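Below: one structure, written as structure tokens.
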Amino acid sequence: MDKRQDLSGWRMPGEFEPHAGTMLIWPVRPGSWPYGGAAAKRAFCQVMEAIAESEEVWLLADGEHMEEARSMAPRGVHLLNIESDDAWARDVGPTFVVRDKAPCTDPERGDHKEKYEKKILGIDWAFNAWGGDTDGLYAHWERDDKVASRFCGALDLPCYDAHPFILEGGSIHSDGEGTIITTESCLLSPGRNASMTKKEIEHTLCSLLGGKKVIWLPRGIYNDETNEHVDNICAFVKPGEAVLAWTDDKSDPQYEMSLACLETLESECDARGRKIIVHKLPIPVIPVTVTESDLPGYVFEEGEDVRRAGEHLAASYVNFYITNGGVLVPQFGDANDAAAVKILKGLFPERRIYPIEARDILLGGGNIHCITQQIPMA
């Protein structure tokens with residue numbers, strides 16, 4: 001699609017809206033997934049199985065791993081031969097926008113009668129491994145940068161080329177009604193769009209995502225190597241209501257970060273002028289860390305970020321994933337696992353809650369939301 005095309009009338013839907021399915025990428029990168037990714041692959045399959053109970057699932061894999069993915073993936077998953085550098089579907093896949101009232105010509109009537117049909121469009125952002133040469137997590141990301149356009153092509157969906165604007169899907173969140181949330185720590189980081197001002201970045205988000213207002217949270221989750229993506233700290237559960245990662249422990253480095261975000265949310269209104277109701281979602285009581293036994297399983301390439309024993313991983317229950325019929329909630333073997341499930345069940349009473357053991361995904365650097373990307377209804 002010509003990138004000069006006017007995108008007025010398009011909007012980024014809320015993740016709680018009905019959608020067609022979910023895209024994932026088979027985890028094989030040895031610098032992300034220890035011991036050949038055996039545990040991560042089982043976790044991905046558990047995620048896919050839960051998602052497939054209420055919607056379609058598309059799984060991307062390269063030619064070398066296609067048969068492995070086919071043999072392990074749940075029955076009914078659609079496999080696509082598309083290569084990538086890693087498995088972060090949320091960040092490298094297309095960000096979809098929809099147009100609820102799309103005018104089109106009726107060829108039989110020939111009268112240009114306006115029909116009201118939902119249309120979808122994939123936004124293909126530039127991807128540079130969360131910071132490029134400045135603070136990116138690996139040195140080569142060329143295949144990741146092509147995933148969005150190739151996925152749209154495979155499903156015969158229109159794709160808008162947003163290059164050279166650098167963005168990852170996990171760095172933005174929408175209420176579906178014109179409110180976009182993000183973090184300053186991520187989108188204003190020097191490794192992304194350093195030549196642009198905050199206002200210019202905000203204008204780009206609004207013009208491509210149908211945003212009427214951008215709420216800038218100051219920070220994300222402590223030690224989040226994505227420069228603190230918003231999908232780890234805050235998410236809309238419906239228009240006008242959001243969850244925020246929280247701790248009451250003032251000695252925890254997350255306390256001041258979450259407090260700053262709470263103060264921002266309480267001082268702002270959404271795009272429709274509503275005060276946002278904030279539900280606090282606890283972080284794990286015990287930090288999730290890399291252990292000595294994890295380290296021998298990694299194989300890092302030159303220029304890739306490495307793991308260290310004791311490294312604090314960015315565990316957050318806010319990194320849940322909403323399907324048409326359920327909510328996949330990460331679990332860390334922590335005392336707050338049950339509390340997170342209870343809170344989210346109260347916020348999504350009509351959906352089934354799927355507790356998912358997520359440490360093996362977190363070891364790769366992300367969580368359930370990070371490995372999934374929604375595809376709206378066509």
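Throughout, residue positions are numbered sequentially from 1 according to the sequence presented. Fair warning: this is a prediction, and the values are worked out from it, not measured in the lab.
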### Query
Any sub-3.5 Å donor-acceptor pair from Glu177's side-chain atoms to Ala271's backbone N or O?
no
### Message
Are Val92 and Ile166 linked, directly or through intermediate hydrophobic residues, by side-chain heavy-atom contacts shorter than 4.5 Å (ILVMFWY only)?
### Response
no
### Task
Please say whether more than 12 non-hydrogen atoms of neighbouring residues, nucleotides or ligands are located less than 6.0 Å from NE2 in His203.
no
### Query
Should the ring pair His173 and His369 be called parallel, tilted or perpendicular, given that the plane angle runs from 0 to 90° and is split at 30 and 60?
tilted
### Query
In terms of heavy-atom contacts, does NZ of Lys342 have more than 12 from other residues, nucleotides or ligands at under 6.0 Å?
no
### Task
Indicate yes or no: does Glu357 engage Arg42 in a salt bridge with an N to O separation below 4.0 Å.
no
### Thr323 and Tyr354: CA distance, side-chain angles, deciding distance, side chain to side chain donor-acceptor pair (under 3.5 Å) verdict
CA-CA 10 Å; Thr323 71; Tyr354 295 87; 5.8 Å; no
### Query
Are Ile172 and Val243 connected in a single hydrophobic cluster, I mean Ile/Leu/Val/Met/Phe/Trp/Tyr linked by side-chain heavy atoms less than 4.5 Å apart?
no
### Task
Report yes if the side chains of Ile286 and Phe332 come closer than 4.5 Å at any heavy-atom pair, otherwise no.
no
### Task
Indicate, with yes or no, if Ile276 and Val230 share a hydrophobic cluster defined by side-chain heavy-atom contacts under 4.5 Å among Ile, Leu, Val, Met, Phe, Trp and Tyr.
yes
### Message
Quick check on the hydrophobic clustering: are Leu313 and Met257 connected, directly or via other members, by side-chain heavy-atom contacts under 4.5 Å?
### Response
no
### Task
Output yes when a side-chain donor or acceptor of Lys280 lies under 3.5 Å from a complementary backbone atom of Asp248, and no otherwise.
no
### Message
Regarding His140 and Glu301, do their side chains bring together a donor and an acceptor under 3.5 Å, going by distance alone?
### Response
no
### Query
In terms of side-chain heavy atoms, does Thr247 have a donor or acceptor partner in Asp249 at a distance below 3.5 Å?
no
### Message
Using modelled atom types and a 3.5 Å cut-off, is there a donor and acceptor pairing between side-chain atoms of Ser174 and backbone atoms of Met12?
### Response
yes
### Task
Check the hydrophobic clustering (I, L, V, M, F, W, Y; side-chain heavy atoms under 4.5 Å; chains of links allowed) and say if Leu24 and Trp26 are grouped together.
yes
#### Entry: Atom NZ of Lys212 with >12 non-hydrogen neighbours under 6.0 angstrom
no
### Message
Surrounding NZ of Lys146 (heavy atoms of other residues, nucleotides or ligands, distance under 6.0 Å), is the total greater than 12?
### Response
no
### Task
Give a yes or no answer on whether the side chain of Arg219 reaches the backbone of Cys261 with a donor-acceptor pair at less than 3.5 Å.
no
### Message
Using modelled atom types and a 3.5 Å cut-off, is there a donor and acceptor pairing between side-chain atoms of Thr204 and backbone atoms of Glu200?
### Response
yes
### Task
Scan side-chain atoms only and decide if Tyr321 and Thr22 contain a donor-acceptor pair under the 3.5 Å cut-off.
yes
### Message
Considering only residues two or more places apart or on different chains, which pairs with a residue in residues 329-341 satisfy side-chain hydrogen bond (donor to acceptor under 3.5 Å, both in side chains)?
### Response
Tyr317-Asp337
### Query
Under 3.5 Å, side chain of Asp86 to main-chain N/O of Arg29, donor-acceptor pair present?
no
### Message
According to side-chain hydrogen bond (donor to acceptor under 3.5 Å, both in side chains), does anything in residues 121-133 pair up with another residue at least two apart or in another chain? List the pairs.
### Response
Asp91-Trp130, Thr95-Trp125
### Task
Check for a donor-acceptor pair, side chain of Ser258 on one end and backbone N or O of Tyr255 on the other, with a separation under 3.5 Å.
no
### Task
Give a yes or no on whether a salt bridge exists between Glu202 and Lys199, defined as a side-chain N under 4.0 angstrom from a carboxylate O.
no
### Task
Examine Phe44 together with Trp33 and report whether their ring centres are nearer than 6.0 Å.
yes
### Query
Can you name the side chain to side chain donor-acceptor pair (under 3.5 Å) partners of His78, sequence neighbours left out?
Glu56
### Query
Ignoring hydrogens and geometry, is there a side-chain-to-backbone donor-acceptor pair from Arg359 to Thr289 under 3.5 Å?
yes
### Query
Is the backbone N or O of Asp270 less than 3.5 Å from a side-chain atom of Asp175, with the two atoms forming a donor-acceptor pair by type?
no
### Query
For atom CD of Glu292, is the number of surrounding heavy atoms from other residues, nucleotides or ligands below 6.0 Å larger than 12?
no
### Task
Identify whether the distance between the nearest side-chain nitrogen and carboxylate oxygen of Glu15 and Arg90 falls below 4.0 Å.
yes
### Query
Would you find a donor on one side and an acceptor on the other, under 3.5 Å apart, between the side chain of Gln254 and the backbone of Tyr222?
yes
### Query
For Trp88 and Glu168, what are the C-alpha separation, side-chain angles and deciding distance, and is it a side chain to side chain donor-acceptor pair (under 3.5 Å)?
CA-CA 10 Å; Trp88 307 112; Glu168 307 94 40; over 6 Å; no
